[in-house]
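So the structure is just underneath, and the comments pick up after that.
Everything quoted here is computed from the prediction, not taken from an experiment.
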Amino acid sequence: MNPDNQVSRRIALGIGVAGVGALAAGAVRGEEPSGKKPAAEVKLLPTRKLGRNGPMVPMLAMGGDMEATNAPGLINRAWASGMRYYDTAQKYGHEHEEAIYRRWFAAHPERRKDIFLVSKDYPKKKGPEELLEMVDKRLEALGTDYLDLYFIHQLCPEVYGAESVNWGKSDVFRKVAETLKASGKVKMVGFSCHGGPEYIQAAADGGFLDALMVQYTPFYERGGAFDRALTACHEKGIGLIAMKTLRHAGNVPKRLPEFERLGLTTHQALLQAVWSDSRISAICNAARNFDQIKSSIASAHGYKAPLEISQIARLKDAVLASRRTMCPGCPSCDAKVASTGFAFRDVARYVTYFEQDNYGQSRDLYLALPATARDSSQADLKALHEACAFGINYPEIAARAERYFA
């Protein structure tokens with residue numbers, strides 16, 4: 001697959017509504033949660049190389065933090081539908097999701113070698129060096145002897161302090177990454193970024209990490225700090241994985257005429273807009289039900305070439321016209337994140353989870369934030385709202401978070 005192929009959109013995406021439906025059906029036809037479909041019949045997802053030295057990974061990852069009752073069935077059906085990239089973390093599923101994977105591997109030991117497995121941890125007490133102690137707990141919890149990728153989870157000043165912005169270029173983290181990989185317990189090391197673009201830029205400056213997971217929107221400011229940081233990482237061979245790609249678009253109309261003609265729902269078009277950035281290796285997509293998985297799989301199989309700039313602009317217009325609870329990313333947020341202790345981006349994310357998915361763990365996630373990160377009294381949210389290019393009403397969202405979770 002060539003992600004930079006610039007073939008005609010009329011040819012590349014002229015698959016029609018029935019075409020995407022057929023792709024979805026082809027990926028999951030006759031599938032049951034038991035996953036008994038012969039492996040030869042499973043259509044695997046297209047792949048991209050993860051960084052300069054990484055493997056080819058599926059363009060779409062099975063996101064974590066699933067409801068415990070749904071997780072086993074979703075994991076099985078994702079496998080049987082051709083997904084081979086699974087993302088989880090220490091805290092997901094009330095700290096029980098890794099155990100679900102452990103039981104899955106025990107029941108299907110032959111599958112481990114065929115998947116790309118990611119987990120994450122919170123080294124809040126000692127910083128990156130704590131990962132050397134934590135990794136064995138992750139392996140035990142998952143029932144495996146290695147991770148394909150190991151992340152510091154949610155790297156941002158609200159969780160780890162202001163000095164954490166330098167971790168991505170620190171000698172301490174460099175030595176930790178080298179030790180982890182030399183042990184054979186981890187193949188790749190990085191962090192999931194919940195801070196501003198300065199965190200991504202620090203990783204580029206350090207040049208030793210293998211991959212980052214970044215909150216990504218296709219509507220970023222061209223030439224802005226986020227864009228420059230992504231390019232710097234890409235040029236250093238650091239793999240980039242997009243997350244939170246659909247969270248700002250929960251209230252966007254499901255179908256728009258220009259994408260309907262291409263056989264795409266609005267959300268499928270948003271995924272393709274992300275894949276249109278050849279710097280992005282994969283999208284980690286949260287999965288709450290199998291319909292979401294099927295839709296995303298169909299979009300991955302249907303992707304043939306980048307969306308046109310005018311199509312991405314139309315998507316942006318649709319997002320701007322909707323009621324948004326989660327910022328798609330803009331320079332005003334990036335400038336504010338370092339100036340306030342209030343975790344407005346995380347709070348907005350948890351409100352989004354709660355309102356869009358009726359996600360029961362949203363309250364726990366909110367209460368797990370440090371008290372200072374939940375205190376909006378010292379933050380000028382009105383000014384943030386007025387400066388936001390996407391018009392996110394942060395004062396209202398902070399009030400809803402208090403009402404829902406406090």
Side-chain angles (χ1 to χ4, degrees), residues 28 31-37 39 42 44-45 50 54-55 57-58 60-123 131 133-154 180 183-192 211 213 241 243 282-290 292-294 296-297 353 357 359-361 364-365:
V28 300
E31 176 45 41
E32 296 297 331
S34 62
K36 294 181 180 179
K37 189 175 182 179
V42 175
L44 300 181
L45 273 69
L50 183 60
V57 297
L60 183 68
M62 173 82 170
D65 218 3
M66 298 169 278
E67 295 286 356
T69 54
N70 295 336
L74 288 177
I75 293 169
N76 251 330
R77 297 189 77 176
W79 165 269
S81 302
M83 296 191 79
R84 295 295 183 268
Y85 178 165
Y86 293 85
D87 179 281
T88 188
Q90 175 270 334
K91 78 168 188 176
Y92 286 172
H94 290 289
E95 302 185 13
H96 296 305
E97 187 171 286
E98 288 175 319
I100 294 172
Y101 276 104
R102 183 178 70 243
R103 291 191 291 272
W104 190 63
F105 290 138
H108 308 283
E110 74 285 355
R111 294 181 180 178
R112 175 64 188 95
K113 69 181 186 305
D114 293 327
I115 73 169
F116 188 82
L117 181 65
V118 181
S119 195
K120 319 179 194 76
D121 223 326
Y122 283 98
L131 295 178
E133 306 168 13
M134 292 176 155
V135 66
D136 290 326
K137 295 179 181 178
R138 301 281 62 73
L139 297 177
E140 181 181 2
L142 284 161
T144 184
D145 56 3
Y146 72 97
L147 291 172
D148 294 283
L149 177 55
Y150 189 30
F151 279 139
I152 290 180
H153 201 170
Q154 202 176 343
L180 284 168
S183 72
K185 298 174 182 178
V186 170
K187 293 187 176 182
M188 304 179 78
V189 177
F191 62 80
S192 68
M213 188 147 59
I241 302 155
M243 63 177 174
I283 296 172
C284 184
N285 213 10
R288 299 288 179 248
N289 57 65
F290 191 57
Q292 292 176 352
I293 295 174
K294 286 194 296 183
S296 298
I297 287 174
Y353 291 170
D357 300 328
Y359 187 47
Q361 294 180 31
D364 298 323
L365 293 169

Worked verdict on E67 versus L74 for side chain to side chain contact (heavy atoms under 4.5 Å, CB included): CA-CA 10 Å; E67 295 286 356; L74 288 177; over 6 Å; no

Derivation and outcome, side chain to side chain contact (heavy atoms under 4.5 Å, CB included), residues K91 and H153: CA-CA 9 Å; K91 78 168 188 176; H153 201 170; 4.0 Å; yes

Stepwise side chain to side chain contact (heavy atoms under 4.5 Å, CB included) test for L139 and Y150: CA-CA 11 Å; L139 297 177; Y150 189 30; over 6 Å; no

L60/I297 under side chain to side chain contact (heavy atoms under 4.5 Å, CB included): CA gap, chis, key distance, verdict: CA-CA 7 Å; L60 183 68; I297 287 174; 4.2 Å; yes

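For the pair L45/R84, no side-chain contact is recorded, criterion being any heavy-atom separation below 4.5 Å from C-beta on. Side-chain contact between F116 and K187 is absent, with no heavy atoms from C-beta onward closer than 4.5 Å. Within the 4.5 Å cutoff, side-chain heavy atoms of T88 are placed close to those of L142. Side-chain contact between M83 and P58 is absent, with no heavy atoms from C-beta onward closer than 4.5 Å. Annotation: side chain of W104 is in contact with side chain of R111 (closest heavy-atom distance under 4.5 Å). Residues N285 and Q292 form no side-chain contact, since every pair of their non-hydrogen atoms from C-beta on lies 4.5 Å or further apart. Considering only heavy atoms from C-beta on, M213 stays 4.5 Å or farther from V118 through its side chain. Y85 is not listed as a side-chain neighbour of D148, based on a closest heavy-atom distance of 4.5 Å or more.
Rounded to the nearest 0.5 angstrom, D114 CG and L44 CG are separated by 8.5 Å. Going from atom CD of Q154 over to atom CG of D121 covers 12.5 Å, rounded to the nearest 0.5 Å. Note: H108 NE2 to R103 CZ = 12.5 Å, rounded to the nearest 0.5 Å. Here the NZ-CG distance, from K294 to N289, works out to 9.5 Å after rounding to the nearest 0.5 Å.
For E97 (side chain) and M66 (main-chain N/O), a donor-acceptor pair under 3.5 Å exists by modelled atom type.
Across all their heavy atoms, Y86 and I75 have their closest contact at OH-O, 3.5 Å. Here the closest non-hydrogen pair linking A211 and I241 is CB-CD1, 4.5 Å. The two residues C284 and A61 come nearest to each other via the heavy atoms CA-CB, 3.8 Å. Contact record, I293 with A78: CD1-CB, 4.5 Å, taken as the closest heavy-atom pair. The shortest non-hydrogen separation linking P72 to I100 is CG-CG2, 4.0 Å. Residues S119 and R138 approach most closely at OG-CD, 3.7 Å, considering heavy atoms.
Between K120 and D87, at least one side-chain nitrogen of the basic residue sits less than 4.0 Å from a carboxylate oxygen of the acidic one, meeting the salt-bridge criterion.
For the pair R112 and Y101, the cation does not sit on the ring face, since its NZ or CZ is not both under 6.0 Å from the ring centre and inside 45° of the axis.
Between the side chains of E98 and Y92, no donor N or O sits under 3.5 Å from an acceptor N or O.
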